[in-house]
Amino acid sequence: MRAAPTILHLDMDAFYASAEQAAKPSLRGKPVVVGGLGPRGVVATASYEARRFGVHSAMPMAQARRLAPNAAYLVPRFALYRSVSDQVMELLGRLSPLVEPLSLDEAFVDLEAGGTADDTASALEIGRQLREAIEAVTGLSGSVGLAGSKMLAKIASEEAKPDGIRLIAPGTEREHLAPMPVRTLPGVGPATADHLRRAGMTTVDDLAEAGEAELVRLLGKAHGASLHRMAIGLDDRPVVAERDAKSVSVEDTFDMDLHDRVRVRTEVERLADRCVQRLRGAGRSGRTVVLKVRRYDFSTLTRSETLRGPTDDPAVVREAAARLLESVDTTGGVRLLGVGVTGLADFTQEDLFAQAAGERAAAVPPEVTEERPQDAPGGGERPSEPEPGQPGPEDAEQLAARRWPAGHDVCHEVHGHGWVQGSGVGRVTVRFEEPGSQPGRVRTFRVDDPELRAAEPLPLVRDAPDYSSWPASRPKSRSGAGPEGAASRP
């Protein structure tokens with residue numbers, strides 16, 4: 001524990017939804033829900049306007065639609081979110097060499113290690129400056145918590161939401177924690193909370209009063225001792241600058257179970273390509289390919305294959321994933337597929353895999369094609385069938401939704417930049433507007449309109465201020481700043 005509140009926790013406010021509102025002028029001030037839009041989709045983020053209807057993260061999308069039927073429902077645009085996250089993390093990196101990202105929109109910063117704060121007044125001032133810088137560069141708001149430990153800094157940022165700053169003064173930790181529910185503490189999930197409730201402990205103060213020995217008896221030595229320390233406000237975990245990723249993976253849940261084996265393989269290959277894109281984006285390679293299959297009855301199977309060396313070749317990962325699929329029975333239907341790569345490294349061994357691919361090609365016998373009689377049994381010409389891997393009529397709407405996901409960017413040769421409001425019945429509806437513009441007009445096109453194409457997200461803020469020299473020196477405190485700070489805009 002530190003004597004000064006020099007650990008900062010930043011949490012962007014309703015990040016995905018706020019980014020969508022900033023990018024789409026017609027959605028500002030309106031309920032926005034971001035997540036999977038199919039019957040099995042879940043909410044990733046809901047704007048504060050949508051939260052007033054009871055919509056929250058991890059809620060089934062079908063339930064969200066019942067609670068807020070008039071909200072805008074959008075598919076996530078991770079390219080935009082990563083771009084904004086990079087801007088935010090760059091600002092945090094100017095405060096300290098010790099920045100610990102937890103996700104795209106959340107991170108700890110050790111202000112003491114960066115020499116940017118060493119007491120209450122300077123910590124509050126740098127927190128205020130950070131929030132101002134984030135809004136100027138990205139157009140979005142973030143909430144800041146300051147404390148002498150990571151646990152308390154995160155609790156403070158949660159109390160500051162939305163769009164505020166909160167400081168928990170060192171020495172007041174136990175008093176601050178006492179009335180809070182036990183689930184406030186890290187590591188206390190629903191099962192542990194229920195176990196503690198049955199033992200008569202519902203608040204953090206109950207845990208502190210119970211003592212370490214009782215918690216060890218209930219939860220085991222490691223968990224019980226750790227929980228007691230946190231209950232009395234002790235948390236010595238350092239801010240770790242880099243967390244080495246152990247794996248890279250992607251997965252999709254399908255609106256309807258997949259039964260066609262060719263379609264299942266096509267989806268596995270598509271996921272393998274996406275996985276390699278993420279792998280390359282992180283500058284890594286991997287040695288073990290993992291396939292995840294969740295079947296119609298919710299049983300989940302995983303299969304893995306360890307290659308002869310690390311690779312980031314999409315063809316190699318596709319082939320490995322396809323081989324793994326051959327060992328899985330999918331006849332009952334598949335509701336989820338995932339492809340991942342583990343055993344990460346920062347180099348590749350492409351020569352080995354090119355050699356292996358050549359050996360496999362030489363060993364494959366010539367393809368045998370089956371001749372089909374002109375007349376099918378029973379007379380008459382046999383009905384045409386889709387080529388292997390090509391969609392049938394029943395897949396047309398699903399493919400249209402994949403090509404034109406709701407909320408994603410498009411560009412029209414005549415009307416310019418816009419975003420997809422929805423698609424169906426062979427049509428796609430687009431609203432033409434940009435960040436910083438007035439709400440735009442809506443037009444409808446055929447899904448195969450040659451003048452309409454997918455586009456990259458536009459920056460949320462044009463001509464953002466230059467913060468390359470920020471902060472110039474350790475900030476001076478503002479007069480009248482109390483030790484707690486206010487959970488509101490400065």
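Here the structure is a predicted model, which is why all the values come from computation and not from measurement.
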**Q** Between Val339 and Leu291, does the side-chain contact (heavy atoms from CB on, under 4.5 Å) criterion hold? Intermediate values first, please.
**A** CA-CA 5 Å; Val339 175; Leu291 175 70; 4.2 Å; yes

**Q** Once you measure the plane-to-plane angle for Phe78 and Tyr16, does it fall in the parallel (<30°), tilted (30-60°) or perpendicular (>60°) bin?
**A**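 Plane angle over 60°, so perpendicular.
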
**Q** Return the minimal non-hydrogen interatomic distance between Arg280 and Pro314, and the atom names on each side.
**A**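 Looking at all heavy atoms of both residues, the shortest contact is NH2-CD, 3.3 Å.
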
**Q** Between the side chain of Arg28 and the main-chain N/O of Gln21, is any donor-acceptor distance below 3.5 Å?
**A**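 Side chain of Arg28 to backbone of Gln21: a pair is present.
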
**Q** Does this structure show an ion pair linking Asp252 with Arg274, if we count only N-O contacts that are shorter than 4.0 Å?
**A**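 Arg274 and Asp252: salt-bridged.
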
**Q** Without swapping roles, check the side chain of Asp13 against the backbone of Asp163 for a donor-acceptor pair under 3.5 Å.
**A**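 Yes, Asp13 side chain to Asp163 backbone: donor-acceptor pair under 3.5 Å.
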
**Q** Within the distance-only criterion (no hydrogens, no angle test), does the side chain of Glu100 pair as donor or acceptor with the backbone N or O of Val240 below 3.5 angstrom?
**A**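 Confirmed, Glu100 side chain pairs with Val240 backbone.
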
**Q** For residues Val420 and Val410, report the shortest heavy-atom separation together with the two atoms involved.
**A**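 Reported closest heavy-atom pair: CG2-CG1, 3.6 Å.
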
**Q** Consider only side-chain N and O atoms of Asp86 and Ser83, and report whether a donor and an acceptor are under 3.5 Å apart.
**A**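 Asp86 vs Ser83: no donor-acceptor pair found between side chains.
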
**Q** Counting C-beta onward and ignoring hydrogens, is there a side-chain heavy-atom pair between Trp419 and Glu434 closer than 4.5 Å?
**A**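 SC-SC contact between Trp419 and Glu434 ruled out.
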
**Q** Would you say Arg318 and Asp273 make side-chain contact, with heavy atoms under 4.5 Å?
**A**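 The answer is yes, as the side chains (C-beta and beyond) meet within the 4.5 Å cut-off.
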
**Q** Does Glu433 come within less than 4.0 Å of Lys24, counting only side-chain N to carboxylate O?
**A**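 No, this pair does not count.
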
**Q** With rounding to the nearest 0.5 Å, note down the distance linking CG in Leu146 to CZ in Arg128.
**A**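 If I round to the nearest 0.5 Å, the distance is 9.5 Å.
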
**Q** Quick one: does Thr138's side chain have a donor or acceptor within less than 3.5 Å of a partner on Glu135's backbone?
**A**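 No, Thr138 side chain to Glu135 backbone: no donor-acceptor pair under 3.5 Å.
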
**Q** Should Asp105 and Tyr81 be marked as a side-chain contact (heavy atoms from CB on, under 4.5 Å) after you check the CA-CA gap, both sets of side-chain angles, and the distance that decides it?
**A** CA-CA 9 Å; Asp105 62 335; Tyr81 310 149; over 6 Å; no

**Q** Is the shortest distance from a Lys or Arg side-chain nitrogen in Arg166 or Glu159 to a carboxylate oxygen in the other one below 4.0 Å?
**A**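 Looking at Arg166 and Glu159, the cut-off is met.
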
**Q** State, with a plain yes or no, whether a side-chain heavy atom of Thr202 is found less than 4.5 Å away from one of Leu196.
**A**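 No - every pair of side-chain heavy atoms lies 4.5 Å or more apart.
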
**Q** Do side-chain atoms of Arg287 reach the backbone of Leu307 as a donor and acceptor pair under 3.5 angstrom?
**A**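 Present.
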
**Q** With a 4.0 Å cut-off, would you call Arg77 and Asp409 a salt bridge?
**A**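 A salt bridge links Arg77 with Asp409.
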
**Q** Do the non-hydrogen side-chain atoms of Phe108 and Leu102 ever get within less than 4.5 Å of each other?
**A**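 Contact flag for Phe108/Leu102 side chains = yes.
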
**Q** Taking the side chain as C-beta and beyond, is there a heavy-atom pair between Leu185 and Met151 under 4.5 Å?
**A**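 Heavy-atom side-chain distance check passes, below 4.5 Å.
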
**Q** Output yes when a side-chain donor or acceptor of Ser285 lies under 3.5 Å from a complementary backbone atom of Asp312, and no otherwise.
**A**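 No, the answer is negative, given that no donor and acceptor are paired below the 3.5 Å cut-off.
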
**Q** Any ion pair linking Asp110 and Arg2 (charged N to carboxylate O, less than 4.0 Å)?
**A**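 Salt bridge present between Arg2 and Asp110.
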
**Q** Quick check: does any side chain N or O of Ser18 sit under 3.5 Å from a backbone N or O of Phe15, one acting as donor and the other as acceptor?
**A**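 Answer holds: no.
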
**Q** Is Asp194 atom CG crowded by more than 12 heavy atoms from other residues, nucleotides or ligands, each under 6.0 Å away?
**A**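 Yes, CG of Asp194 has more than 12 neighbouring heavy atoms, counting only those of other groups under 6.0 Å.
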
**Q** Between Arg303 and Leu301, which heavy-atom pair has the shortest distance, and what is it?
**A**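 Between these two residues, the closest heavy atoms are NH1-CB, 4.0 Å.
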
**Q** For the pair Ser47 (side chain) and Val32 (backbone), establish whether a donor and an acceptor sit closer than 3.5 Å, ignoring hydrogens and angles.
**A**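 Such a contact is found between Ser47 side chain and Val32 backbone.
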
**Q** Can you check whether Phe254's main-chain N or O pairs, donor with acceptor, with Arg40's side chain at less than 3.5 Å?
**A**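 Pair found, side chain donor or acceptor close to backbone of Phe254.
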
**Q** Does the side chain of Ser468 pick up a donor-acceptor pair with the side chain of Asp466 at under 3.5 Å?
**A**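 On atom types as modelled, these side chains qualify, holding a pair under 3.5 Å.
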
**Q** Do the side chain of Arg131 and the main chain of Ser141 share a donor and acceptor less than 3.5 angstrom apart?
**A**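 Pair absent, no side-chain N/O of Arg131 close to backbone of Ser141.
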
**Q** About how many Å separate OG of Ser103 and CE of Met12, when rounded to the nearest 0.5 Å?
**A**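 Going from CE on Met12 over to OG on Ser103, the span is 10.5 Å.
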
**Q** Do Arg183 and Pro190 have side-chain heavy atoms sitting under 4.5 Å apart?
**A**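 With C-beta onward as the side chain, the pair touches.
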
**Q** Can you confirm whether the side chains of Thr288 and Thr306 place a donor and an acceptor under 3.5 Å from each other?
**A**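 Yes, a side-chain donor-acceptor pair sits under 3.5 Å.
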
**Q** How close do Val268 and Ala321 get, heavy atom to heavy atom, and via which atoms?
**A**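 That would be CG1-CB, 3.6 Å.
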
**Q** Enter the distance from Leu92:CG to Leu8:CG here, rounded to the nearest 0.5 Å.
**A**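 Between atom CG of Leu92 and atom CG of Leu8 there are 7.5 Å.
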
**Q** Which residue is it: Val144, Leu152, Leu124? I am looking for the one with a side-chain contact (heavy atoms from CB on, under 4.5 Å) to Leu167.
**A**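 Passing option: Leu124.
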
**Q** Shortest non-hydrogen contact from Pro465 to Ala136?
**A**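 Reported closest heavy-atom pair: CD-O, 3.5 Å.
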
**Q** side-chain contact (heavy atoms from CB on, under 4.5 Å), that's the test. Do Ile155 and Leu177 meet it? Break it down for me.
**A** CA-CA 9 Å; Ile155 289 172; Leu177 288 169; 3.5 Å; yes

**Q** Assess the side chains of Ser143 and Asp11: does a donor N or O sit below 3.5 Å from an acceptor N or O?
**A**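 Asp11 and Ser143 do not have a side-chain donor-acceptor pair below 3.5 Å.
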
**Q** How close do His417 and Ala455 get, counting heavy atoms only, and between which atoms?
**A**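 Of all heavy-atom pairs spanning His417 and Ala455, the closest is CE1-CB, 4.1 Å.
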
**Q** Please determine if Arg174 and Glu209 form a salt bridge, counting it only when a charged side-chain N lies under 4.0 Å from a carboxylate O.
**A**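 A salt bridge links Arg174 with Glu209.
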
**Q** Answer yes when Lys154 and Glu158 have at least one side-chain N-carboxylate O distance shorter than 4.0 Å, and no when they do not.
**A**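 No, this pair does not count.
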
**Q** Going through the distances and angles, do Cys275 and Val248 end up as a side-chain contact (heavy atoms from CB on, under 4.5 Å)?
**A** CA-CA 7 Å; Cys275 182; Val248 173; 4.3 Å; yes

**Q** Do the non-hydrogen side-chain atoms of Thr300 and Val293 ever get within less than 4.5 Å of each other?
**A**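 Answer no - side chains too far apart.
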
**Q** Do Asp235 and Arg229 sit within salt-bridge range, that is, some charged N less than 4.0 Å from a carboxylate O?
**A**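 No, no charged N to carboxylate O under 4.0 Å.
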
**Q** Do Leu279 and Leu344 come close enough that some side-chain heavy atom pair is under 4.5 Å?
**A**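 In contact.
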
